[in-house]
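Inspection log for the structure reproduced underneath, given as structure tokens.
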Amino acid sequence: MERSPADVFAEHCRRHELAYQVDREGHPVFRPRVGHDTWRVSAGLGTVYAVTVVRRRGEDPHTLALIDVDEGFRMMSTVVGPAPEDVRVGLRVRLAWREDGEVPVPVFEPADEVAA
């Protein structure tokens, strides 16, 4: 193994790409792990599967959400933009990035309605 899956994922994040792996049968694998060498990049669209509001003393409340990404994997993230109480299950979201460290963090924001 030349590079760890975490390093490859971080490299994609630096390019603002949400990367995921696929197994030999073509099924998506997320969180990246050893044993899957094929990488793909998500289009960054998904749907909120579950959400809760986190309230820590001395901090603004924020969401903690499970996002069903359209490519077929589920990931934990946060939804930014609306008030945390306004984020609902079934909300369509699109990828955004939080730039608060060396590696950008994938977050989501409400998606504009896409014409079918």
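For clarity, every value in this text was computed on a predicted model and none was experimentally measured. Scope of the values below: all heavy atoms of this structure, side chains included, with no hydrogens, waters or symmetry mates.
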What are the two closest heavy atoms between Pro82 and Val80, and how far apart are they?
-> CD-O, 3.1 Å

Using the six-membered ring of Phe108, assess whether NZ or CZ of Arg92 lies under 6.0 Å from its centre and within 45 degrees of the ring axis.
-> no

Gln21-His36 side chain donor-acceptor pair, cut-off 3.5 Å | no

Keeping the roles fixed (side chain from Glu109, backbone from Leu95), state whether a donor-acceptor pair exists under 3.5 Å.
-> no

Quick check, are the ring centers of Tyr20 and Phe30 under 6.0 angstrom apart?
-> no

So, the side chain of Thr63 versus the backbone of Val87: is there a donor-acceptor pair under 3.5 Å, distance only?
-> no

Determine whether Val53 and Glu85 make a side-chain contact, defined as any pair of heavy atoms from C-beta on separated by less than 4.5 Å.
-> yes

More than 12 heavy atoms of other groups within 6.0 Å of Arg15 CZ = yes

Listed partners of Asp100 passing side-chain contact (heavy atoms from CB on, under 4.5 Å), at least two apart | Arg98, Val105

Is there side-chain contact between Met76 and Leu64, with heavy atoms separated by less than 4.5 Å?
-> yes

Apply side-chain contact (heavy atoms from CB on, under 4.5 Å) to Phe9 and Arg31, showing your working.
-> CA-CA 9 Å; Phe9 181 76; Arg31 191 79 183 170; 3.8 Å; yes

Is there side-chain contact between Leu18 and Met75, with heavy atoms separated by less than 4.5 Å?
-> yes

Residue pair Glu102, Arg14: steps toward the side-chain contact (heavy atoms from CB on, under 4.5 Å) verdict = CA-CA 8 Å; Glu102 181 182 326; Arg14 287 184 190 97; 3.3 Å; yes

Lys/Arg-Asp/Glu bridge criterion (N-O < 4.0 Å) met for Asp23, Arg33 | no

Can you find a pair of side-chain heavy atoms, one from Asp70 and one from Ser42, that are under 4.5 Å apart?
-> no

Is any side-chain heavy atom of Leu45 closer than 4.5 Å to a side-chain heavy atom of Val93?
-> no

Take Val54 and Arg56, measure what side-chain contact (heavy atoms from CB on, under 4.5 Å) needs, and give me the verdict at the end.
-> CA-CA 6 Å; Val54 177; Arg56 291 189 182 123; 4.1 Å; yes

Would you indicate whether the side-chain heavy atoms of Thr47 and Ile67 approach each other to under 4.5 Å?
-> no

Derivation and outcome, side-chain contact (heavy atoms from CB on, under 4.5 Å), residues His12 and Val41 = CA-CA 8 Å; His12 281 278; Val41 174; 4.0 Å; yes

Pairing residues for Arg40 by the salt bridge (charged side-chain N to carboxylate O under 4.0 Å, His left out) criterion, not counting sequence neighbours | none

